[in-house]
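Everything below concerns the one structure shown next.
Residue numbering restarts at 1 for every chain, and letters A, B, ... go by the order of the sequence lines. What you see is a predicted model, and the numbers here were worked out from it, not measured in a lab. Excluded from the calculations below are hydrogen atoms, water molecules and symmetry mates; all remaining heavy atoms, backbone and side chain alike, are included.
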Number of protein chains: 2
Amino acid sequence: MAVKEKGPYRCPVEVAFDFISGKWKSLIILCIAYDKVRYSDIKACLSTISPHILSHQLKSLESDGLIVRTQYGEIPLRVEYHLTEAGLKLLPILGSLGSWASAYYPDQIPHSTLQNCRRFFSGDSSDDFCWNH
Amino acid sequence: MAVKEKGPYRCPVEVAFDFISGKWKSLIILCIAYDKVRYSDIKACLSTISPHILSHQLKSLESDGLIVRTQYGEIPLRVEYHLTEAGLKLLPILGSLGSWASAYYPDQIPHSTLQNCRRFFSGDSSDDFCWNH
DNA sequence: CTGCATCCTACTCGATACTG
DNA sequence: CAGTATCGAGTAGGATGCAG
């Protein structure tokens, strides 16, 4: 895949949205969050994502400097992803966005999901890395 | 235009991104910001947007409850847009995203633009409603 | 002035099967 | 396990012209 030409941008907000907007990217970032997670973990977390799309989004996030891919020379293959500092600093902002949506569009948010996402709004970093485990 | 079916969502963050992601929506929200602005003002602010797309995005933002459209019975037609409370509450979050992008991707951000966007990061609400005036 | 109608392109997203 | 190949659908975004 040829890397899409970025910019020129007219506003920092435009830059941010070009990096993290889309159906899956923000969810993938939340899914990785504070841990090192494997491809299959993310796949299980976002159950309806296709492997093709997940792979594509991970590559895009990696090339944008939001996540790091680490491959170990083991059989079977083991690959882990974790957030860069930029990615980590994004987490509280995503939390703010989630709080904002919860406040103004509560009808859109299933109750069972709210609880699982709560740690992103409180800053807690418990070890269940995915909200629907 | 038939209203697109929303959800079901699994996370508040997903809701937020469904409402504000895309090439133009965040910029339009910033463009409106704290004032009542007219269609032609937004058009001038986002010089490269086509009228069709601007109209489409404004409708989407209105149906999502982020902006309010007010039409006056004048000739020539006068229409003003302003943010709802939900839209206003989004501004500081967009500011955080802008600051985040400025911190980690400074190369992507033209210097001349930074200054014009600054008020969104400091909370200033001066009366030049658009950053490239 | 403020859009809408039409036609079009390009990119995002996806289902399924298959591979190192 | 961690992806890639292939084919394809849907949608965001765009150019141009026209209307109330």
Side-chain angles (χ1 to χ4, degrees), chain A residues 1-10 14 17-28 31-32 36-64 67-82, chain B residues 1-10 14 17-28 31-32 36-64 67-82:
Chain A
M1 170 189 89
V3 176
K4 190 177 68 175
E5 188 64 31
K6 303 277 188 183
Y9 301 107
R10 285 155 298 181
E14 193 177 17
F17 271 89
D18 195 27
F19 283 17
I20 63 175
S21 74
K23 182 175 181 178
W24 295 110
K25 283 186 179 176
S26 59
L27 295 178
I28 291 172
C31 200
I32 298 178
K36 291 181 179 241
V37 301
R38 304 180 60 167
Y39 179 92
S40 53
D41 293 328
I42 308 174
K43 180 74 179 65
C45 188
L46 309 169
S47 54
T48 60
I49 196 172
S50 76
H52 175 84
I53 298 301
L54 178 53
S55 177
H56 182 81
Q57 302 297 324
L58 286 170
K59 253 181 215 163
S60 174
L61 289 171
E62 188 192 9
S63 79
D64 286 343
I67 66 175
V68 174
R69 180 184 186 275
T70 310
Q71 179 171 340
Y72 300 89
E74 304 175 359
I75 299 296
L77 202 56
R78 184 161 66 97
V79 177
E80 285 182 347
Y81 294 91
H82 67 273
Chain B
M1 170 187 86
V3 176
K4 188 177 69 174
E5 188 65 30
K6 302 278 187 182
Y9 300 107
R10 286 155 297 182
E14 193 176 17
F17 271 89
D18 196 27
F19 283 17
I20 63 175
S21 74
K23 183 174 180 178
W24 295 110
K25 284 186 180 176
S26 59
L27 294 179
I28 291 172
C31 200
I32 298 178
K36 291 181 179 243
V37 301
R38 304 181 58 170
Y39 178 91
S40 54
D41 292 328
I42 307 174
K43 180 74 180 67
C45 188
L46 310 168
S47 54
T48 60
I49 196 172
S50 75
H52 173 83
I53 298 302
L54 177 53
S55 179
H56 181 81
Q57 302 296 326
L58 286 170
K59 250 182 218 164
S60 174
L61 289 170
E62 188 192 10
S63 78
D64 286 342
I67 66 173
V68 174
R69 179 184 188 275
T70 310
Q71 179 172 339
Y72 301 90
E74 303 175 358
I75 298 296
L77 201 58
R78 183 162 65 97
V79 177
E80 286 182 347
Y81 296 91
H82 68 273

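- When each of C:dG3, D:dG3, C:dC1 is scored by its nearest atom to the side-chain atoms of B:P76, the top-ranked nucleotide is C:dC1.
- Checking D:dG3, C:dT2, D:dG13 against the side-chain heavy atoms of B:W24 singles out D:dG13 as nearest.
- With sequence neighbours excluded, the residues forming a side chain to side chain contact (heavy atoms under 4.5 Å, CB included) with A:S21 are A:F17, B:S21, listed by chain and number.
- Here A:S50 pairs with A:H52, A:I53 under the side chain to side chain contact (heavy atoms under 4.5 Å, CB included) rule; sequence neighbours left out.
- Taking the screw axis at each terminus of the helix from C:dC1-D:dG20 to C:dG20-D:dC1 from five consecutive base pairs, the angle between the two is 60° to within rounding of 10 degrees.
- Residues satisfying the salt bridge (charged side-chain N to carboxylate O under 4.0 Å, His left out) test with A:E80, not counting sequence neighbours, are A:R78.
- In this structure, the side chain of A:Y39 engages the main chain of A:P51 through a donor-acceptor pair within 3.5 Å.
- Counting only heavy atoms from C-beta on, B:I53 has its side chain closest to D:dG13 among D:dG13, D:dG3, C:dC4.
- As rounded to whole Å, 20 Å separates atom P of D:dA2 from atom NE2 of A:H56.
- Not one side-chain nitrogen or oxygen of A:K23 sits closer than 4.0 Å to the OP1 or OP2 atom of D:dT11.
- Under the side chain to side chain donor-acceptor pair (under 3.5 Å) criterion, B:T70 pairs with no residue at all, not counting sequence neighbours.
- Contact annotation: A:R69 does not reach the phosphate of D:dA2 (side-chain N/O to OP1 or OP2, under 4.0 Å).
- Residues A:Y72 and A:L77 come closest through the heavy atom pair O-CD1, 3.9 Å.
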Using a cut-off of 4.0 Å between protein heavy atoms and nucleotide atoms, how would you tag nucleotides 15-20 of chain D 5' to 3' with B, S and -? B-----
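- In this structure, B:Q57 and A:Q71 both approach DNA chain D, and ranking their closest nucleotides by distance from the 5' end singles out A:Q71.
- A:R69 meets the salt bridge (charged side-chain N to carboxylate O under 4.0 Å, His left out) test with no other residue; sequence neighbours excluded.
- Atom pair B:D18:CG and C:dC13:C1' shows a separation of 14 Å (rounding to whole Å applied).
- Residue A:R38 places no side-chain N or O under 4.0 Å from the OP1 or OP2 atom of D:dC1.
- Close to C:dG3, at under 4.0 Å from its OP1 or OP2, lies a side-chain N or O of B:Y81.
- When the C1' atom of D:dG13 is taken as reference, atom NZ of B:K43 falls 14 Å away, rounded to whole Å.
- The side chain to side chain contact (heavy atoms under 4.5 Å, CB included) search around B:S55 returns none, not counting sequence neighbours.
- Distance A:I42 CD1 to D:dG3 C1': 12 Å, rounded to the nearest Å.
- Residues passing the side chain to side chain contact (heavy atoms under 4.5 Å, CB included) test with B:K23, sequence neighbours excluded: none.
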